[in-house]
2 protein chains.
Amino acid sequence: MTIVNNRGKRFRVPDATIKRLPLYLDKLILLQQAGVQEVSSRQLATSLDIKASQLRHDFHYFGGFSKPGRPYLVDKLVPALREIIGIDEPVPIVIAGAGHLGNALANYRNFERQGFPLLGVFDVDADLVGREIRGVTIRPMSELADFIRERGIRLGVLTVPLDVAQIVADDMIAAGVTGLWNFTPTEIKAPDHVIVRNERLAVGLMCLSFKTKRIGMPEEMR
Amino acid sequence: MTIVNNRGKRFRVPDATIKRLPLYLDKLILLQQAGVQEVSSRQLATSLDIKASQLRHDFHYFGGFSKPGRPYLVDKLVPALREIIGIDEPVPIVIAGAGHLGNALANYRNFERQGFPLLGVFDVDADLVGREIRGVTIRPMSELADFIRERGIRLGVLTVPLDVAQIVADDMIAAGVTGLWNFTPTEIKAPDHVIVRNERLAVGLMCLSFKTKRIGMPEEMR
DNA sequence: TAGATTGTTAATCGATTAACAATC
DNA sequence: TAGATTGTTAATCGATTAACAATC
């Protein structure tokens, strides 16, 4: 992903760096709440179990946030990271599919806390339509596209059954969504200007299985 | 992660390779169901949007699954991958915490299908205890450790509230669990022989936010 | 000033891709 | 045999870590 930092230089920010930004922000918010004013790259990195040079290297993509010799100011870094991640203003989301997973995600308060208020939940099931989840009414799937269009929503969560995943995705994309969080175990086809993030839950269990099988055994059997 | 392949050579298998194994298996099962007997590295790789040489390189860690000149046999590859991942036999799991997320995961049929039958769900809430989720009764959290010990369960899913996460984790580890799938936004401390996989859901949304903010803009503004 | 700490480049490490001999 | 395709090593690419001048 190519960006221009605050000094006008152009960089390709690695995915690995992007993934660390939320971790930095999380820790910094905790420090802020604890009343901490300054933090060095070493302190912050150590608490996240990474190298200080990696943290500084990551920050360097965005032009850096301090001056040589001075540690980072927590109160400056938090809003700066929010702005870089794109959550300086609330980023509303919708959930398509109010099954078990959709329901669980709709109930997950952390998303709202982190800047992603849930504006709508949609399902085809007439029995579910009309019910409320944390104050959000489940609406018929047929209203999804108009809802997205009218409110200019950019991020959609896909928790529908496998066989309608692509159809619902197409619907959301046509309505203006540019980011899709796909929880169905299927590859979603999307145009280049749309970012699809696949969350394959079962992969997590398989990686655990692979590793636990091989740890704790005598070295020769691994 | 160091392993010994089927020819006695010792390797460190990269995490990136481990993560791809479930994807290979998934595609191969689909091919198997479609009655396909043979598949080349190119065919399989193309369908997964990766390079054929990467697939062969991945397979090479495990000694390879064919001979030069011959494509892979789907019916040989599927059980071989299952065995490598560690799901040639069912790997039972328990879920600690029957809140929204624990409930959703307990209802996720894919885990069972992929070889991870759910044996128990546990919660402290007396109102939840006794209820059934897909035939599995919710039990009191106080029974968790004994349950794990008696049935020799190796994998535990952690969907309890933040403030008790470490306590419940310690409990499971003491009872014999060697793999923890942590859905709480906290770093779990565990001994070396225990693998902890952190599933930080909000990170997914933040990565989407970061990228969608910068795509579709005129090049100069990214 | 002396110690601390950043920004930034260079060195290292690891993962991906290419190339090709072996062989079916 | 000729074309296809693997296993395997070498080349390339990218990410992490180290080093250090600048400077507070």
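It should be emphasised that the depicted structure is a prediction, and the values quoted were computed from it without experimental measurement. Below, chain A is the first sequence line, B the second, and so on; all start at residue 1.
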Discussion item. Could you walk me through whether A:Q37 and A:D75 satisfy the side-chain hydrogen bond (donor to acceptor under 3.5 Å, both in side chains) test, starting with their C-alpha distance in whole Å, then the side-chain angles of each, then the deciding distance to 0.1 Å, before giving a yes or no?
Written reply: CA-CA 7 Å; A:Q37 312 248 332; A:D75 286 338; 5.4 Å; no
Report the nucleotide, chosen from [options], that has the shortest atom-to-atom distance to any side-chain atom of [X].
{"X": "B:A16", "options": "C:dT6, D:dT6, C:dA15", "result": "C:dA15"}
{"X": "A:H60", "options": "C:dT9, C:dT6, C:dT17", "result": "C:dT9"}
{"X": "B:R12", "options": "C:dT16, D:dA15, C:dA15", "result": "C:dA15"}

Practice prompt. Would you jot down, in residue-number order, the residues of residues 37-46 of chain B having a non-hydrogen atom under 4.0 Å from DNA chain D?
Written response: B:S40, B:S41
Discussion item. Between B:D170 and B:K189, does any side-chain N to carboxylate O distance fall below 4.0 Å?
Written reply: no
I'd like to know if the side chain of [X] reaches the main chain of [Y], judged simply by a donor and an acceptor atom lying under 3.5 Å from each other, with no hydrogens or angles considered.
{"X": "B:N182", "Y": "B:T184", "result": "yes"}
{"X": "B:K211", "Y": "B:M206", "result": "no"}
{"X": "B:T17", "Y": "B:D58", "result": "no"}

Fill in: Five-pair end axes of the helix from C:dG3-D:dC24 to C:dC24-D:dG3, angle between them (10°)
0°
Discussion item. Using 0.5 Å steps for rounding, measure from the CG atom of A:L180 to the CG atom of A:L155.
Written reply: 8.5 Å
Worksheet item: Could you write nucleotides 19-24 of chain D as a row of B, S and -, 5' to 3', where a protein heavy atom under 4.0 Å of any base atom gives B, of only sugar-phosphate atoms gives S, and otherwise -?
Response: BB-BBS
Worksheet entry | Pairs touching residues 154-179 of chain B that satisfy ring pair (Phe, Tyr, Trp, His ring centres under 6.0 Å), sequence neighbours left out | none
Practice prompt. Using a 4.0 Å heavy-atom cut-off across all strands, classify B:Y72 as base, sugar-phosphate, or nothing.
Written response: sugar-phosphate
Discussion item. Would you say that more than 12 heavy atoms from the other residues, nucleotides or ligands in this model lie under 6.0 Å from the CD of A:E187, or not?
Written reply: no
Discussion item. Considering only residues two or more places apart or on different chains, which pairs with a residue in residues 100-119 of chain B satisfy salt bridge (charged side-chain N to carboxylate O under 4.0 Å, His left out)?
Written reply: B:E112-B:R134
Fill in: Qualifying salt bridge (charged side-chain N to carboxylate O under 4.0 Å, His left out) pairs with a residue from residues 28-43 of chain B, counting only residues at least two apart or across chains
B:E38-B:R70
Fill in: Residue pair A:R56 / A:S41, side-chain donor-acceptor N/O under 3.5 Å
yes
Item to complete: Could you check how far CD of B:Q54 sits from C1' of D:dT12, rounded to whole Å?
Response: 14 Å
